[in-house]
Structures are given as structure tokens and as C-alpha cells.
Number of protein chains: 2
Amino acid sequence: MSNPEASSRRPRRPTIRDVSRLSGVSHMTVSRVISTPDRVAPATRERVLEAITSLGYVPDRAAGSLSSRRSGFVALILPTLNNANFAIVARGLSEVLHRQAYQLLIAYDDYDLAAEESQLTQLLARRPEAIVLTGAVHRPGTVQKLAAAGVPVVEISDLPARPIQHAVGFSNEEVGRIAARYFIERGFAHIGAIGSRCVGDKGDYRGDTRLRGFEAELRAGGRSLDLVCRYGSAPVSFGHGAMAIGRLLDQNPDVDAVFAVSDLSAVGVVMECQRRGVLVPDDLSVMGFGDFEIGREINPALTTIHVDFYALGQRVGEHLTERALVDCNVDAVSLDVGLRIIERSSVKGKVR
Amino acid sequence: MSNPEASSRRPRRPTIRDVSRLSGVSHMTVSRVISTPDRVAPATRERVLEAITSLGYVPDRAAGSLSSRRSGFVALILPTLNNANFAIVARGLSEVLHRQAYQLLIAYDDYDLAAEESQLTQLLARRPEAIVLTGAVHRPGTVQKLAAAGVPVVEISDLPARPIQHAVGFSNEEVGRIAARYFIERGFAHIGAIGSRCVGDKGDYRGDTRLRGFEAELRAGGRSLDLVCRYGSAPVSFGHGAMAIGRLLDQNPDVDAVFAVSDLSAVGVVMECQRRGVLVPDDLSVMGFGDFEIGREINPALTTIHVDFYALGQRVGEHLTERALVDCNVDAVSLDVGLRIIERSSVKGKVR
DNA sequence: ATTCGCTATGTTACCGATCACTTAATAAGC
DNA sequence: GCTTATTAAGTGATCGGTAACATAGCGAAT
């Protein structure tokens with residue numbers, strides 16, 4: 001006869017009290033062995049550690065968090081997992097956090113501000129000790145929840161005019177301006193750009209900011225904005241660039257320089273040009289953003305604007321662990337990690 | 001004079017008892033409004049919900065987990081965040097899990113089995129209700145901890161000969177075999193392959209399995225294995241492919257077909273060939289694995305082996321939510337999501 | 001010798017939910 | 001009209017840790 005109780009019940013995991021019983025000390029001593037080992041006499045410590053390994057005891061952080069009111073993790077909301085630069089941010093951040101025994105909890109919202117808000121709601125229930133999220137544009141509900149959370153908030157990858165609290169990033173508008181100036185200074189006649197469209201809550205707002213910076217500089221230089229093309233929706237990638245440049249070339253075959261809001265699109269542009277027999281850079285100069293690896297590898301290699309995303313992630317981590325997480329009254333900080341043009345051969349006039 | 005106590009102490013977040021006091025019900029009724037709203041009278045429910053919003057109450061899941069012994073999340077350990085196919089697995093999985101109110105906790109180990117074990121240790125302290133990890137090769141300590149965790153374990157992206165428990169994936173060895181047969185059948189004379197090296201705990205064991213399958217089939221066809229090149233370390237990407245094919249071509253200029261363990265390397269191969277004036281596919285045929293978007297966009301487009309990683313993630317989620325998480329005595333399952341060759345123009349003989 | 005101070009360890013309450021019961025009130029059945 | 005279900009809400013214990021304080025033991029200082 002089977003015993004349904006015994007067979008369906010998982011064996012209970014050992015607790016700190018099981019360890020204490022086995023090692024003949026109080027549960028508090030076990031707790032000390034784990035969190036502050038050098039406050040326990042070496043002999044006792046050894047005995048407890050033996051009991052821990054023999055039972056396979058793993059402390060329950062949910063219980064620990066509840067008691068200590070410290071969850072031990074930081075929440076990160078990214079637009080997407082599948083982007084090398086965001087992945088690098090996550091790595092830089094998590095490396096720094098790990099050193100201080102914080103874990104990073106990563107969520108993503110697929111470039112949707114409504115999803116961002118609902119992810120935040122979920123995360124808040126886990127009581128993160130800090131919240132890192134991407135971009136300067138959020139729903140009002142998101143901003144309100146962030147304020148109510150009472151923990152440090154860091155916006156990354158842009159520098160909001162009015163940050164919620166801390167910000168670590170770079171000026172996306174300046175990215176667009178630099179790109180436009182670069183083309184204007186080199187005497188291009190028909191300067192275009194490609195990006196995606198933001199509709200309602202959905203879209204790549206930082207990409208759009210780059211595009212607006214580009215437009216602003218074109219306007220300042222007395223150029224037409226007709227060749228700035230917002231096509232499709234985020235995330236943009238190779239296929240997006242190919243489609244977008246196809247449309248642009250069909251309508252304006254005389255375009256001689258194009259800025260793509262992402263290297264990934266820019267690579268698509270180069271590929272589509274190859275297929276159409278449009279020579280890059282002789283017929284069309286191309287510039288991207290983000291310095292993705294693929295841009296270095298294609299032929300011609302892509303001129304782009306580089307941001308040190310690894311350092312960005314690290315800075316966020318350092319700011320949190322050294323300041324914001326230590327003293328919750330620390331002043332809000334905005335940190336610019338800067339930009340760097342990387343000239344390669346996809347723009348005419350630059351020889352390499 | 002400042003009051004250090006009041007200024008440095010964060011305002012305590014409202015608890016379920018604050019809500020109950022404000023709405024004049026017991027804390028248990030508040031709990032019911034949140035978890036089983038239709039077991040509460042509509043009028044009461046409304047009153048409680050009002051109190052919840054007016055206080056900005058967010059339930060504390062750490063407390064809930066402790067009490068209910070259900071953490072509400074599933075842990076996923078990936079080799080890296082920065083890989084489109086792993087990102088897609090995560091998406092498929094998290095979409096299914098979200099429908100059942102599970103959250104996905106993502107960790108990554110940079111292709112390092114020691115890091116995998118330490119990530120697992122961290123995760124275990126958060127009491128995941130299931131653990132999903134990549135690949136068939138793990139450290140003994142990892143396997144032992146998984147067994148002791150007493151929760152469903154799913155290995156993905158390969159089909160271990162002896163799975164720990166459940167497995168959802170495909171045969172990496174078969175991938176290599178298919179690639180080799182494809183080349184052999186088409187009459188190539190000097191067939192090579194490129195991948196990376198596994199050293200100690202570090203490396204791409206699935207990629208290496210593909211390479212071993214490739215070698216096995218070459219051997220079966222009486223071919224030499226001299227052109228199978230293990231170069232560098234995981235993760236492999238564009239630059240890896242370019243370097244590896246450079247070496248291979250330098251040493252064996254007569255190679256006429258090459259399989260790369262990843263499309264990303266394969267793209268690097270194509271790019272390096274362009275730079276060297278080696279024509280693809282006329283001089284060298286190239287085949288990849290993974291059907292990454294970039295492979296579709298380059299010229300010539302890349303022949304590859306496709307795995308439906310989105311479905312893979314979904315299957316894992318469905319298996320967990322429908323079976324393994326419901327009944328902890330469910331039989332271990334191995335599920336093959338299959339493979340599909342996608343013929344494009346990077347292999348000679350195939351016209352498109 | 002007494003006090004003080006320090007170290008190692010123990011005791012108890014508590015963090016904020018949910019579970020398992022209990023109770024009160026209302027509806028249904030005969 | 002009385003018993004029995006059924007529904008709505010409440011009570012108290014508990015999950016597994018940590019905080020805060022208490023205590024015992026022992027060497028150094030007075």
C-alpha cells in the first residue's frame with residue numbers, strides 16, 4: 001500500500017535549527033557562522049560547518065530578507081535581453097554588485113513602457129534594494145511607483161533633463177548631433193537617417209532621441225529633413241536596416257550619407273547596398289551607433305559612435321554600492337560616460 | 001538641528017495590517033483580496049482595494065514565500081546573456097511562466113562550469129521552484145546540489161545521455177553529423193570545421209559536441225580530421241570565425257567547405273573570405289548553426305541548421321507548469337525539438 | 001579582590017505574509 | 001421551524017531567518 005502523504009510530500013529542507021541541533025549549539029551561533037564567521041570560536045565554527053555540509057544546509061534568503069529587511073538584490077529592467085550592449089551593461093553592473101554580495105535581478109520589457117511598469121510592479125514585490133532602468137521616458141505610474149519604493153533609482157543609457165533620481169548614461173541627442181555634423185563637415189549633399197517609430201508606449205525612445213538630435217543639427221545646418229526615415233518598430237536589427245534603406249533608396253536614389261540609430265541597422269544597410277550594387281562608401285556613406293562587434297567585421301568596416309557600456313554598468317554598480325545603497329540621503333547624481341567616434345571605412349573621405 | 005534617526009530611516013513600507021486597519025477588516029481578508037478575490041464579498045473587496053491603492057501597498061513576496069513555501073519563481077542559468085538564441089529561449093520560457101504567475105530569474109555563467117555552480121548556489125538560497133540550466137555537462141557539485149534541491153530540474157539545449165531529470169533540447173552531435181554528411185554528399189574534397197576549445201571547466205560544451213559529431217561523421221566517411229580546428233575559447237563570435245578561418249586557410253589553402261559551430265563564427269568566416277578574396281561559395285562553402293538573423297542578411301546568405309529556440313523555451317515552460325511543478329513525482333521527460341537545415345547560398349551547388 | 005571589559009554564546013521577539021481552523025451569518029432542505 | 005450547508009470573515013500559529021539584548025566566563029586593570 002502506498003502512503004500518499006509521504007510520497008507526495010517533498011522532504012523538508014534543513015533549517016538553521018536542524019544544523020544547531022546537530023552541532024549542539026544555538027541556532028543563533030549557526031547564523032553567526034554564516035554571516036560573521038570570525039565572531040565564532042574556531043572550534044565551534046568547524047563543528048557547525050561540518051553539520052552544514054553534512055546536512056546540505058542552504059540558508060533561506062527569503063527568511064533572511066524578511067528578518068533583516070535586506071533583500072540583497074538590485075533590479076535591472078532592460079528593453080531587451082538580446083542586445084550586446086545591454087548585456088555588457090548587465091555584466092559590468094553585476095560584477096560590481098557581486099563583490100558586495102548583491103545579486104542582480106534582470107527583467108526586460110521589449111521596448112514597451114506598459115510592460116516596464118508591470119515588470120516593475122512584479123519586482124517591487126521582491127523588495128529590491130535599488131532599481132536600475134533604461135531610458136528617460138516612463139509612464140507616470142512607473143515614476144510614482146519608483147518614488148514610493150523608497151530605494152535608489154538609476155536611469156541608464158540616457159541623461160534625462162529631469163532625472164527621477166540618479167542617472168548614468170550619455171546624451172543620445174548629442175549622438176545624433178555628432179553624426180549629423182560629421183556628415184555636414186565632410187560635405188555630403190543628401191544626408192539621411194534611419195530609425196524606428198515610437199507609437200504609444202512602444203518604441204525605442206533613446207533611438208528616437210538620437211534621430212531628433214540628428215534632425216536638430218540638420219536643421220541648424222540648413223539641410224532638409226526629408227531623408228530622415230522612421231520605419232518599423234523597435235528593436236531594430238539587420239533586417240530593419242535593409243528594409244529601411246531599400247525604401248529610402250527607392251524614393252531618394254541621390255542620398256549619399258545615412259546615419260542609422262544602431263549599428264545593427266547600419267549593417268543591414270551595408271548588406272542591402274551590396275545586393276543593390278550601391279557601393280559603400282563611394283555611393284553611400286554609412287554611420288552607425290553602438291560599436292557592435294559585427295560593425296568591425298563587415299566590409300567595409302562601419303564608422304560608428306562608441307559608448308563604453310561596460311564602464312557604464314560598472315559606474316552604476318559603484319555608485320550604488322559606494323554611495324546610494326549606503327546612505328539613502330545621498331544627492332542625486334548624473335554621470336556622463338561620454339561618446340567617441342570610431343572612424344572606419346564606411347564613410348567616404350576617411351581612408352584606413 | 002537635524003534628527004539623524006528620522007532622516008536616515010526610510011519610511012516603513014505599508015504592510016497587510018496597515019491595509020486591514022484602514023479598511024476595517026482583518027489582515028486575513030486583505031490577504032484574500034489579493035490572492036483569492038472572489039472569496040471576498042464585493043463590497044468588502046472594494047473597500048480593501050481602495051485602502052491598498054491609497055496606501056500604495058505592495059505585498060512582500062519574501063514574507064509570502066516564507067509562509068507558503070512557494071517562492072513563485074523559476075531559475076534559468078544560461079551561458080551568456082548576449083546570444084540571440086538564448087535570449088529567445090528565455091523569452092519563450094518567461095512568457096509561459098508569466099501566465100501561471102511565475103517569475104523567471106535569469107543568471108549566466110560565461111561558459112564556466114565553476115561559475116555555473118556558484119550561480120546555482122546563490123539561486124538555491126532563493127528557493128526556486130524549478131531550475132533550468134543549459135547543457136549536459138556539469139560539475140559533480142552542481143549535480144549533487146540539484147538533487148538536494150528537491151525541485152524539478154530541466155537541462156536545455158542538448159539531450160544528455162543520462163539527464164539529471166528532464167531535458168528539452170536537440171542533439172548537438174546530430175547537428176555536427178548532419179553538417180558533415182551535407183558536405184560529403186555534395187562531394188567536397190577538403191572538409192573542415194571551426195569551433196572553440198574547452199579547457200577545464202570553461203568552454204562551450206555543446207559547440208564541442210557538434211564538432212565531435214562532425215568528426216565522427218567525417219571518420220565514418222573515411223575523411224581526414226586534420227581540417228577540424230579548435231581555436232580560442234567561448235563565446236565564439238564574428239571575430240573568432242575570422243581568426244579561425246584565417247589560420248585554417250593559411251595552413252590548408254585547399255579547404256573547400258567549412259562548418260562553423262555557430263552562425264556568428266560562420267559570418268566571420270564569410271567576412272574574412274571577402275577580405276582575402278576567397279569567394280564564398282565558389283572557393284569555399286560555409287555552413288553555420290543557429291540560424292541567427294545576421295546569417296540571413298549577409299551576402300551570400302548563410303546555409304545553416306535551425307533550431308526553434310522559442311518553442312524550446314515554451315516547451316520547458318509548459319512541461320513545468322503543466323506537469324513537473326504540479327506533481328513532483330512526474331516521470332522524467334526528454335523532449336527533442338528537432339533540427340532543420342536551411343539551405344541558402346553559402347554552399348556551392350545550392351542555387352537560390 | 002573587585003570591577004571592568006571583552007569575547008563567545010544563548011534567549012526571545014519579530015519581520016510580513018499564509019495556513020489551518022474557528023466562528024458568525026445567511027441560505028437551503030426537509 | 002429546525003437542522004445542515006455554504007459563504008464570509010476572523011484568530012492564532014507558523015515559515016526560517018536576524019536583531020537586540022542578556023549572560024557566562026575569563027583576563028587585565030585598579
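Below, chains carry the letters A, B, ... as their sequence lines are ordered, and counting in each starts from 1.
- Ion pairing between a basic and an acidic side chain is recognised when a charged N comes within 4.0 Å of a carboxylate O; B/Arg139 and B/Glu116 show no such pairing.
- The side chain of A/Thr44 places an N or O atom within less than 4.0 Å of a non-bridging phosphate oxygen (OP1 or OP2) of C/dT9.
- Atoms CZ and NE2, on A/Arg17 and A/His27 in that order, are 4.0 Å from each other to the nearest 0.5 Å.
- Remark: A/Ile164 CD1 to A/Leu133 CG distance equals 6.0 Å, nearest 0.5 Å.
- In this structure, A/Gln314 contributes its side chain and A/Val96 its backbone to no donor-acceptor pair below 3.5 Å.
- We find the OH-CG distance between B/Tyr57 and B/Leu22 to be 13.5 Å, quoted to the nearest 0.5 Å.
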Per-nucleotide protein contact along nucleotides 13-28 of chain C, 5' to 3', at a 4.0 Å heavy-atom cut-off (B base, S sugar-phosphate only, - neither), is --BBBBB---------

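- If one axis is set at each end of the helix from C/dA1-D/dT30 to C/dC30-D/dG1 from five pairs, those axes are 40° apart, to 10°.
- Ion pairing between a basic and an acidic side chain is recognised when a charged N comes within 4.0 Å of a carboxylate O; A/Lys202 and A/Asp110 show no such pairing.
- The pair B/Arg45-B/Asp38 does not count as a salt bridge, with every side-chain nitrogen at least 4.0 angstrom from each carboxylate oxygen.
- Partner B/Tyr310 forms a side-chain hydrogen bond (donor to acceptor under 3.5 Å, both in side chains) with one of B/Glu95, B/Arg315, B/Arg91 and no other, that one being B/Glu95.
- Using modelled atom types, one side-chain atom of B/Thr134 and one backbone atom of B/Ile77 make a donor-acceptor pair closer than 3.5 Å.
- Applying a 4.0 Å cut-off to non-hydrogen atoms, none of the residues of residues 46-54 of chain B approaches DNA chain D.
- Atom CG in A/Leu120 sits 10.5 Å away from atom CD in A/Gln144 (nearest 0.5 Å).
- A straight line from CZ of A/Arg45 to P of C/dT7 spans 14 Å, rounded to a whole angstrom.
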